[in-house]
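All remarks here apply to the structure that follows.
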Amino acid sequence: MKTSEVKVMGNIRENYKALLMEYKEASDFYQKTGLTRLLAHSMDNLEKFERSFSECYSLEELLELKDELEV
């Protein structure tokens, strides 16, 4: 892998990790309050990321990334 590819994958990992943390926080907030707006927004962001990632790379690589981040 080229240095630029490593940087891109590092950025992808960090962005995905941030989206997953956002989802967890929104889920916790929903469980405490019953309010769904933050949860729906975070789910939409995750869905967009995962769709784009699997279109650019593959579903298998997305699953590997999820495993790497221990989701």
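Because the structure is predicted, anything quoted here is derived from the model rather than measured. Scope of the values below: all heavy atoms of this structure, side chains included, with no hydrogens, waters or symmetry mates.
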Point-to-point distance, once rounded to the nearest 0.5 Å, from [atom1] of [X] to [atom2] of [Y]:
X	Y	atom1	atom2	value
E47	S52	CD	OG	8.5 Å
N45	Y23	CG	OH	13.0 Å
S27	L20	OG	CG	12.0 Å
M9	E68	CE	CD	7.5 Å
I12	E14	CD1	CD	11.5 Å
N15	E22	CG	CD	11.0 Å

What I'd like to find out is whether the side chain of Y57 reaches to under 4.5 Å of the side chain of E64, using heavy atoms alone. no
Is there a donor-acceptor pair under 3.5 Å between the side chain of T36 and the backbone N or O of L39? no
Return yes if some donor-acceptor pair links the side-chain N/O of S54 with the main-chain N/O of E50 below 3.5 Å, else return no. yes
F49 atom CZ, neighbour heavy-atom count above 12 within 6.0 Å: yes
Identify the two heavy atoms, one from L35 and one from Y30, that lie closest to each other, and give their separation to 0.1 Å. O-CD1, 3.3 Å
Tell me whether [Y] is reachable from [X] by hopping between hydrophobic residues (I, L, V, M, F, W, Y) whose side-chain heavy atoms are closer than 4.5 Å.
X	Y	value
L59	L65	yes
F29	M43	no
M21	L38	no

Positive for side-chain hydrogen bond (donor to acceptor under 3.5 Å, both in side chains) with D28, one of K32, K24, Q31: K24
